[in-house]
There are 2 protein chains.
Amino acid sequence: MSEMQLRDALDSLKGTGVRITPQRHAILEYLVGSMTHPTADDIYKALEGKFPNMSVATVYNNLRVFREVGLVKELTYGDSSSRFDFVTTDHYHAICQNCGKIVDFHYPGLDEVEHLASHVTGFKVNNHRMEVYGTCQDCSAVKEAH
Amino acid sequence: MSEMQLRDALDSLKGTGVRITPQRHAILEYLVGSMTHPTADDIYKALEGKFPNMSVATVYNNLRVFREVGLVKELTYGDSSSRFDFVTTDHYHAICQNCGKIVDFHYPGLDEVEHLASHVTGFKVNNHRMEVYGTCQDCSAVKEAH
DNA sequence: ACACTATTTATAAAGATTATAAAATAATAC
DNA sequence: GTATTATTTTATAATCTTTATAAATAGTGT
């Protein structure tokens, strides 16, 4: 299934006139396959084997390109570096404050919030973002055990 | 009214054994008075007049202290630097993607999301964050006029 | 006023991201 | 298929935000 996501993404890139280089292919492939919301550095390190000469700038440049085209979302949490998330269907994130793990979950109906916010603030609202923070099961277990 | 907020904040600090220095007083005062969710640098520059010798580190250190005590929230949006928000009552933010303006709004009932997320992901959820993004009235007006 | 400890300052260091210019490479026209 | 052109990659340096460090200073309790 992620096969198809990748192919769709590449098609979508072609459609906007962005060249498909081996590096771009690899970065996209990694993003689609990864469930971990990696940082730019994660991606850089992961592809070091395949592309020993690839520059960090290439990773950043292409993540920006993907973001501008709408294939990728940039997530900025409290920690120092951004995380990048391949955009599939709308979902939200639960973030472990102990180990940093990020788990997806779905929730319908938050469009309502957009409407209210728009009404109250006078904004034209395009989209929203939301996360929940807490402790994941693994970390909870460790604390119990102690 | 912000007078009272400031006094409460100072009392709350004293209660936790944190010393009240002139710099801390000034930073808190600025945060309480400001409706603009300033960056550390904004605060630093704003207090330059009163404290010509103040170090940037002081601003960062104290913002961390305030955050740890719960007086201040750190907001990380897409841009390069964090913004700091004096915690009053729970509210959310509408962010203008054109000019960066941040407007507060209230919305009840998102605790429901925490429950569902907890159920689905197995997390112990402590809190959540949410924002809406769009175009503020001023920026919309400018676009229309053009 | 004295002693003790937290805090500030000045400075340097770290880390993430962006800018720049030259070299390499993909798409396009022929 | 080759030449051309514009894009992209690489390598490197620069920038910017934030944190670490150590000496100087200032609050607080006695």
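By convention in this document, chain letters (A, B, ...) are assigned in the order of the sequence lines, proteins followed by strands, and residues within each chain are numbered from 1.
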Please give, in whole Å, the distance from dA16(C) P to Leu75(A) CG? 17 Å
Can you name the side-chain hydrogen bond (donor to acceptor under 3.5 Å, both in side chains) partners of Arg64(B), sequence neighbours left out? Asn61(B)
Would you kindly give the CZ-to-C1' distance between Arg83(A) and dT17(C), to the nearest whole Å? 16 Å
So does Asp41(A) pair up with Lys45(A), basic N to acidic O under 4.0 Å? yes
Nucleotide by nucleotide, 5' to 3', does protein get under 4.0 Å of the base (B), only the sugar-phosphate (S), or neither (-) in nucleotides 15-30 of chain D, counting heavy atoms? --SBBB------BS--
Counting C-beta onward and ignoring hydrogens, is there a side-chain heavy-atom pair between Glu68(A) and Thr16(A) closer than 4.5 Å? no
Contact check, side chains of Leu28(A) and Phe66(A), non-hydrogen atoms, under 4.5 Å: yes
Between dT8(D) (P) and Leu28(A) (CG): distance, integer Å: 14 Å
His25(A) NE2 - dT9(D) P separation (whole Å): 14 Å
Just so I know, are the side chains of Arg129(A) and Thr76(A) near enough to count as touching, which here means a heavy-atom distance under 4.5 Å? yes
For Tyr44(A) and dT18(C), what is the distance between atoms OH and C1' respectively, to the nearest whole Å? 16 Å
Examine dA6(C): is either OP1 or OP2 under 4.0 Å from a nitrogen or oxygen in the side chain of Arg24(B)? Give yes or no. no
Strictly by ring-ring contact (aromatic ring centres under 6.0 Å, His included), give each pair with a member in residues 4-41 of chain B just once, sequence neighbours left out. His37(B)-His93(B)
Please give, in whole Å, the distance from dA16(C) P to Ile43(A) CD1? 14 Å
Just the rounded figure in Å: distance from P of dA6(C) to CG of Leu13(B). 16 Å
Atom pair distance, as rounded to whole Å: CG in Asp79(A) and C1' in dA16(C): 12 Å
